[in-house]
> 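Mind looking over this structure? Questions follow.
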Amino acid sequence: MEPARSVAEARQIQERLRERLVFRPPRGFKPRVVAGADVAFDKARNLAFAAVVLIELDSLETVETATAALPISFPYVPGYLSFRELPALVAAWESLRQRPDVAVLDAHGYAHPRRMGLACHAGLEFGLPAIGCAKSILCGEVGELAEERGARAPLVDPKSGEELGWALRTRDRVRPVYLSVGHLIDLPTAAELILRLAPGGRYRFPETTRRADRLAAEYKSGG
DNA sequence: GCGACAG
DNA sequence: ATCTTGTCGC
């Protein structure tokens with residue numbers, strides 16, 4: 001991943017990379033292994049602990065995991081999360097023996113000020129379909145959506161009216177997750193996948209992010 | 001100038 | 001993201 005020494009430089013990199021994004025799945029896209037990725041931080045040690053978990057879609061069994069720790073090289077600035085989390089994520093990703101079919105990131109993809117969130121950046125970096133599944137909104141607005149699991153409502157840019165992603169309910173009467181395309185995927189395909197990864201409406205987040213989050217936390221605290 | 005603001 | 005125990009609710 002190309003590093004950035006300033007926010008201005010990071011912005012130029014985002015504006016250049018966004019031209020490469022593709023918003024449709026590969027021909028005959030039939031994912032079998034899905035990757036979940038997340039990063040935990042330790043300010044005192046100035047380290048970022050990345051974790052990648054590979055899950056078989058049919059059984060939801062974890063089939064492989066990978067971790068990597070790197071010094072924190074960029075501050076948290078809304079809109080520039082990639083430059084803080086992606087370096088460590090790429091390091092972990094490169095130690096994987098198996099190539100997954102799609103990756104789910106705990107962040108936004110297209111639903112970003114410059115349409116180039118972490119899920120987009122990761123998709124380009126990994127050369128794989130990638131989905132953004134965030135806990136809260138970075139930009140855009142959503143209307144009301146039904147209380148039942150499976151309900152969805154568009155996340156739109158109030159200025160242009162453009163659809164940035166979807167608010168998707170994974171559990172009855174529980175706050176939705178915010179879905180957006182990263183790379184080589186479309187919203188309907190992404191939503192179907194996320195619902196399969198959060199079966200029975202038991203948890204709000206898909207298994208990919210739950211397991212990657214837990215692994216990153218364990219790795220950080222020595223394990 | 002004043003808010004908003006993924007993780 | 002991170003600091004942190006118990007606690008209210010289905």
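Note that the structure is predicted; figures quoted are calculated from it, not measured. So that the names make sense, note that chain A is the first sequence line, chain B the second, and so on, each numbered from 1.
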> Should the pair A:Arg169-A:Glu148 be classified as a salt bridge under the 4.0 Å nitrogen-to-oxygen rule?
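The answer is no: the pair does not qualify as a salt bridge.
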> Atom CG of A:Leu81 and atom C1' of B:dA4: how far apart are they, to the nearest Å?
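That distance rounds to 16 Å.
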> Within the structure shown, what part of the strands sits under 4.0 Å from A:Ala107 by heavy-atom distance: base, sugar-phosphate, or nothing?
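A:Ala107: base contact, heavy atoms under 4.0 Å.
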> Of all the nucleotides listed (C:dC10, B:dA6, C:dA1), which has the minimum atom distance to the side chain of A:Lys135?
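Among C:dC10, B:dA6, C:dA1, the one nearest the side chain of A:Lys135 is C:dA1.
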> Are A:Leu193 and A:Leu184 linked, directly or through intermediate hydrophobic residues, by side-chain heavy-atom contacts shorter than 4.5 Å (ILVMFWY only)?
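No, separate clusters.
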> Can you tell me how far P of B:dG7 sits from CZ of A:Phe83, to the nearest Å?
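My rounded result for the distance is 18 Å.
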> Got a sec: does the CZ of A:Arg175 have more than 12 other heavy atoms crowding it under 6.0 Å?
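No.
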> Does A:Tyr178 have a side-chain nitrogen or oxygen under 4.0 Å from the phosphate oxygens OP1 or OP2 of B:dA6?
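Negative; the distance criterion is not met.
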> Any side-chain N or O of A:Ser136 less than 4.0 Å from the OP1 or OP2 oxygen of B:dG7?
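True: A:Ser136 side-chain N/O within range (under 4.0 Å) of B:dG7 OP1/OP2.
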> A:Phe74 near the nucleic acid: base, sugar-phosphate alone, or nothing, with a heavy-atom cut-off under 4.0 Å?
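Here A:Phe74 touches no strand at all.
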> Could you tell me whether A:Asp42 contacts a base, only the sugar-phosphate backbone, or nothing, with contacts defined as non-hydrogen atoms closer than 4.0 Å?
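Nothing, no nucleic acid heavy atom in range.
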> Give A:Gly79 one of three labels, base, sugar-phosphate or nothing, depending on what nucleic acid heavy atoms sit under 4.0 Å from its own.
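If one applies the 4.0 Å heavy-atom cut-off, A:Gly79 turns out to touch a base.
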> Using a 5.5 Å cut-off between ring centres and planes within 30 degrees, is A:Phe41 stacked on the base of B:dG7?
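No, the aromatic ring of A:Phe41 does not stack with the base.
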> Nearest to the A:Ala40 side chain among C:dT2, B:dG7, B:dC5, which nucleotide is it?
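Nearest to the side chain of A:Ala40 among the choices is C:dT2.
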> Using a 3.5 Å limit on both distances, find every run of at least three consecutive Watson-Crick or G-U pairs that involves DNA chain B.
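So far as stems of 3 or more pairs are concerned, DNA chain B shows none.
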> Among B:dA6, C:dC3, C:dC10, which nucleotide has an atom closest to any side-chain atom of A:Lys220?
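Between B:dA6, C:dC3, C:dC10, the one nearest the side chain of A:Lys220 would be C:dC3.
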> Do the side chains of A:Asp38 and A:Arg210 get close enough for a salt bridge, i.e. N-O under 4.0 angstrom?
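A:Arg210 and A:Asp38: not salt-bridged.
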> Does the ring center of A:His183 lie less than 6.0 Å from the ring center of A:Phe126?
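No.
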> A:Phe205 has an atom CZ; how far is it from atom P of B:dA6, in whole Å?
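It is 13 Å, rounded to the nearest whole Å.
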> Expressed as a whole number of angstroms, how long is the span from A:Met116:CE to B:dA6:C1'?
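Between C1' of B:dA6 and CE of A:Met116: 14 Å.
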> Measure OH/A:Tyr219 against C1'/C:dA1 and give the value in whole Å, please.
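That distance rounds to 18 Å.
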> Is A:Leu118 touching bases, backbone alone, or none of the nucleic acid, heavy atoms closer than 4.0 Å?
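The residue A:Leu118 makes base contact.
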> Determine whether the aromatic ring centres of residues A:Phe23 and A:Tyr110 are separated by less than 6.0 angstrom.
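Under 6.0 Å, so yes.
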> Distance check, rounded to the nearest 0.5 Å: A:Arg84 atom CZ versus A:Leu118 atom CG?
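With rounding to 0.5 Å, CZ (A:Arg84) is 12.5 Å from CG (A:Leu118).
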> In terms of heavy-atom contacts, does CD of A:Glu144 have more than 12 from other residues, nucleotides or ligands at under 6.0 Å?
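Atom CD in A:Glu144 is not crowded, with 12 or fewer foreign heavy atoms closer than 6.0 Å.
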> Expressed in angstrom and rounded to an integer, what is the separation of A:Leu47 atom CG from C:dA1 atom P?
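That distance rounds to 17 Å.
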> Please report, rounded to the nearest Å, how far the P atom of B:dG7 is from the CZ atom of A:Arg210.
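Taking CZ of A:Arg210 and P of B:dG7, I get 16 Å after rounding.
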> Take atom CD1 of A:Ile137 and atom P of B:dG3, then tell me their distance rounded to the nearest Å.
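Going from CD1 in A:Ile137 over to P in B:dG3 covers 21 Å.
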